[in-house]
Amino acid sequence: MSAVVLVGAQWGDEGKGKVTDFLAEKADMVIRYMGGNNAGHTVVVGDKTYKLHLIPSGILYPGTKCVIGNGLVIDPKVLIRELTYLKDEGIDTSNLKISERAHVIMPYHIAQDAMEEELRGANKIGTTKSGIGPAYADKASRIGIRIVDLLDKEEFAIRLKENIERKNELFTKVYGTDGFDYEEIFEEYLGYAERIKDMVADTSVHINGYLDQGEKLLFEGAQGTLLDLDLGTYPYVTSSHPVAGAACIGAGVGPNKINKVIGVAKAYTTRVGEGPFPTELLDEMGEQIRKKGNEFGTTTGRPRRCGWLDLVMLNYSKRVSGINTIALTKVDVLDELDVIKICTGYKYRGEILKNFPTSLKVLAECEPELIEMEGWKQDTTAITSYDELPENAKKYVEKIKELTGMDVSIIAVGPGRNQTIVIDELF
Ligand code: GDP
Ligand code: IMO
Ligand code: MG
């Protein structure tokens, strides 16, 4: 049995899609366990670039089974668009199963997301406006609609009516906008149900069956540890649980089944959306990294905020996600720099904090303690083994290992499948 959880160790967009795709070649099953189409995972194979939002990145291998787990909130319209897109690209999606326990994103969730952001004004979170927060809120309020309910026409009618009544009160009386038409949404969503029904299953049964047969499973995280609802930089977080522990809940497996946690981390840090960011570079250097790293959101196209690698944050992610080993991505983006900095501590009112603070007021005031490393000033994009890396690049990697106590198993030096250096095989 081999079950590996892959988790984002920063604020998302660490390159999880690329690393998942790379590892999926050897995996028998790849499972997405949290989030929704707020995720944007880019996979580059040869001269083709695939952008996935809901479907696991393992889908590009014909033999790999893929699962959208119960922990997700699914916008069926986006799912169908993604299925059509893959089909048009000649990718077989017949190996995909969708959990009947996953929740459905409805049009009112998307409208509510936009409305809530507007009402927050200057305190907006910078959400992807895909309805994620309101869909998870309804799930917690126990009024959500699950895929299993969507497939049951009578049940769906009852639940949708109930929801439309409640939401129309909210929209017309509180937000002062138009409400939603029950019939229209009912018909539209029945169409989606028809389209996906054959893929829907009690996926926990399949996943555990695979585990029992000793197959290799990869749990593909979305977002990043610092965007976790409980453990991230609340309230500037998503509404689900990107941490590794959530793989168990979001897939329906026991924690004793997980063998390893791999944390995907960029060789620097990025963030989309609002919230404090201690190592953020608001100068020319930040601009240079954004340009070289093509740091623009896969989902929303927004420019990503860029900063130095933050080891206070990585050590925090190690602790709360139980990361054993790192996949260090985008090392090539630093190829041209004379000096590369790493944050090893936070200075707060004259005191050095070694642990990532909980209070956002404190975090916002933290000054990063930076060490300087000499750059390697060499193109790394064609390098295929650790030994071939320039000495200063190796020193950079060794410093990360030394200061985090984590291994580095994979180093990515470009978006392509072959631009991946394997130090330790995970499967
Ligand atoms: P995810 O959300 O964690 O899957 O990451 P995204 O796909 O949103 O963003 C990562 C971006 O960096 C994508 O455009 C990838 O193609 C690209 N990428 C991944 N690894 C590397 C790398 O090692 N070097 C470079 N230059 N680009 C990379
Ligand atoms: P992947 O899987 C980066 C951010 C949003 C916003 C906050 C809340 O590609 O790494 P939401 O729409 O979830 O309510 O937005 O979370 N966010 C992400 N940032 N990568 C992601 O996914 C993200 N998913 C959500 O920008 O700040
Ligand atoms: Mg992304």
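Start at 1 and go down the list; that is how both ligands and their atoms are numbered. Every value quoted in this text rests on a predicted model; they were computed, and no experiment measured them.
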What pairs of donor and acceptor atoms, side-chain ones from residues 331-347 against any protein atom, are under 3.5 angstrom apart with sequence neighbours left out?
from: Asp332; atom 1: OD1; to: Gly414; atom 2: N; distance (Å): 3.4
from: Asp335; atom 1: OD1; to: Trp376; atom 2: NE1; distance (Å): 2.8
from: Asp335; atom 1: OD1; to: Thr380; atom 2: OG1; distance (Å): 2.9
from: Asp335; atom 1: OD2; to: Thr380; atom 2: N; distance (Å): 2.8
from: Asp335; atom 1: OD2; to: Thr380; atom 2: OG1; distance (Å): 3.1
from: Asp338; atom 1: OD1; to: Lys377; atom 2: NZ; distance (Å): 2.7
from: Thr344; atom 1: OG1; to: Glu369; atom 2: O; distance (Å): 3.4
from: Tyr346; atom 1: OH; to: Asp310; atom 2: OD1; distance (Å): 3.4
from: Tyr346; atom 1: OH; to: Asp310; atom 2: OD2; distance (Å): 2.5

### Query
Any luck finding a side-chain donor-acceptor pair between His241 and Gln223 under 3.5 Å?
no

### Query
Does any N or O in the side chain of Asn37 come within less than 3.5 Å of the main-chain N or O of His53, such that one atom is a donor and the other an acceptor?
no

#### Entry: Per-atom contacts, ligand 2 versus Gly273 - under 4.0 Å to a heavy atom
27 (O)

### Query
Nearest to atom 3 (C) of ligand 2, what protein heavy atom do you find, and at what distance?
Asp13 OD2, 3.2 Å

### Trace of the side-chain hydrogen bond (donor to acceptor under 3.5 Å, both in side chains) decision for Asp379 with Thr381
CA-CA 6 Å; Asp379 184 347; Thr381 56; 2.6 Å; yes

### Message
I need the nearest protein heavy-atom contact for atom 8 (C) of ligand 2: residue, atom name and distance, please.
### Response
Val237 O, 3.3 Å

### Query
Please state which protein non-hydrogen atom is closest to atom 13 (C) of ligand 1 and give its distance, to 0.1 Å?
Thr42 CB, 3.5 Å

### Task
Compute whether any side-chain donor of one residue and acceptor of the other, for Glu89 and Tyr85, lie under 3.5 angstrom apart.
no

#### Entry: Distance filter under 4.0 Å to Ala39 heavy atoms, resulting ligand 2 atoms
1 (P), 2 (O), 9 (O), 22 (O)

### Task
Look only at the side chain of Tyr386 and the backbone of Ile410, and say whether a donor-acceptor pair between them is shorter than 3.5 Å.
no

### Message
Quick check on contacts: which atoms of ligand 1 are under 4.0 angstrom from a heavy atom of Ala412?
### Response
23 (O)

### Query
Does Asp113 reach ligand 2, in the sense of a heavy atom lying below 4.0 Å from it?
no

#### Entry: Between Thr325 and Ser409, a side-chain donor and acceptor under 3.5 Å
yes

#### Entry: Nitrogen or oxygen of Asn38 less than 3.5 angstrom from that of ligand 2
yes

#### Entry: Where ligand 2 meets Ala222 - atom numbers and elements under 4.0 angstrom, heavy-atom basis
2 (O)

### Query
Counting both backbone and side chain atoms, is some N or O of Ser130 under 3.5 Å from an N or O of ligand 2?
no

#### Entry: Check: Ser240/Thr238 side-chain N/O donor and acceptor closer than 3.5 Å
no

### Message
Please classify the Lys18 to ligand 1 contact at 4.0 Å (heavy-atom distances, strictly less than): side chain, backbone, both or neither.
### Response
side chain

### Task
May I ask whether Lys16 places a heavy atom under 4.0 Å from ligand 2?
yes

### Query
Does a donor on one side chain sit under 3.5 Å from an acceptor on the other, for Gln112 and Lys167?
yes

### Summary
Given the options Arg305, Lys330, Arg290, Glu295 meets salt bridge (Lys or Arg N to Asp or Glu O under 4.0 Å) only with Lys330

### Task
Return yes if a side-chain donor-acceptor contact under 3.5 Å exists between Lys260 and Ser2, otherwise no.
no

### Query
Counting distance only, does the side-chain N/O of Glu117 pair as donor-acceptor with the main-chain N or O of Thr127 below 3.5 Å?
yes

### Task
Would you mind counting protein N, O or S atoms that sit less than 2.8 Å from the Mg ion (ligand 3)?
2

### Task
May I ask you to identify the nearest protein heavy atom to atom 13 (O) of ligand 2, giving residue, atom name and distance to one decimal place in Å?
Thr238 OG1, 2.6 Å

### Task
For atom CG of Asp283, decide whether the heavy atoms of other residues, nucleotides or ligands shown that lie under 6.0 angstrom number more than 12.
yes

### Short N or O distance, Val272 and ligand 2, threshold 3.5 Å exclusive
yes

### Task
Report yes if Gly12 has an N/O atom closer than 3.5 Å to an N/O atom of ligand 1; otherwise report no.
no

### Summary
Here the atoms of ligand 2 under 4.0 Å from any heavy atom belonging to Gly126 are 5 (C), 6 (C), 26 (O), 27 (O)

#### Entry: Pair Thr270-Gln10, side-chain donor/acceptor within less than 3.5 Å
no

### Query
Are any side-chain N or O atoms of Asn259 and backbone N or O atoms of Ala3, one a donor and one an acceptor, separated by less than 3.5 Å?
yes

### Query
Does the separation of the ring centres of Phe180 and Phe171 fall below 6.0 angstrom?
yes

### Protein heavy atom at shortest distance from atom 15 (O) of ligand 2
Thr127 CA, 3.3 Å

### Message
Check contact between Trp11 and ligand 2, using heavy atoms of the residue and a distance below 4.0 angstrom.
### Response
yes

### Query
Does ligand 1 have a heavy atom under 4.0 Å from the side chain of Val413, from its backbone, from both, or from neither?
backbone

### Message
With nothing but distance in play, are any N or O atoms of Lys330 less than 3.5 Å from an N or O of ligand 1?
### Response
yes

### Distance-only polar pair, side chains of Ser94 and Asp92, donor-acceptor under 3.5 Å
yes

### Query
Distance-only, no hydrogens or angles: does the Thr404 side chain make a donor-acceptor pair with backbone N or O of Met406 under 3.5 Å?
yes

### Message
Taking 4.0 angstrom as the limit and counting only heavy atoms of Glu14, give me the atoms of ligand 1 inside it, by number and element.
### Response
3 (O), 5 (O)

### Task
Would you mind finding which of Glu116, Lys129, Gln223 brings a heavy atom closest to atom 22 (O) of ligand 2?
Gln223

## Note on the structure
Ranked by distance from atom 18 (C) of ligand 2, the top protein heavy atom is Leu227 CD1, 3.5 Å

### Message
Main chain of Val261, side chain of Asn324: is a donor-acceptor contact present, judged purely on distance under 3.5 Å?
### Response
yes

### Query
Does some non-hydrogen atom of Arg302 fall short of 4.0 Å from ligand 2?
yes

### Summary
atom 12 (O) of ligand 2 has as its nearest protein heavy atom Thr128 OG1, 2.6 Å

### Message
Can you tell me if Gly40 contacts ligand 2 (heavy atom of the residue under 4.0 Å from the ligand)?
### Response
yes

### Task
Could you check which of Gly15, Gly40, Gly17 puts a non-hydrogen atom nearest to atom 8 (O) of ligand 1?
Gly40

### Query
Between Arg304 and ligand 1, which residue portion shows a heavy-atom distance shorter than 4.0 Å: side chain, backbone, both, or neither?
side chain

### Message
Between Thr279 and Arg271, is there a side-chain donor-acceptor contact under 3.5 Å, judged purely by atom types and distance?
### Response
no

### Query
Does even one non-hydrogen atom of Gly8 get within less than 4.0 Å of ligand 1?
no

### Query
Between Asp332 and ligand 1, which residue portion shows a heavy-atom distance shorter than 4.0 Å: side chain, backbone, both, or neither?
side chain

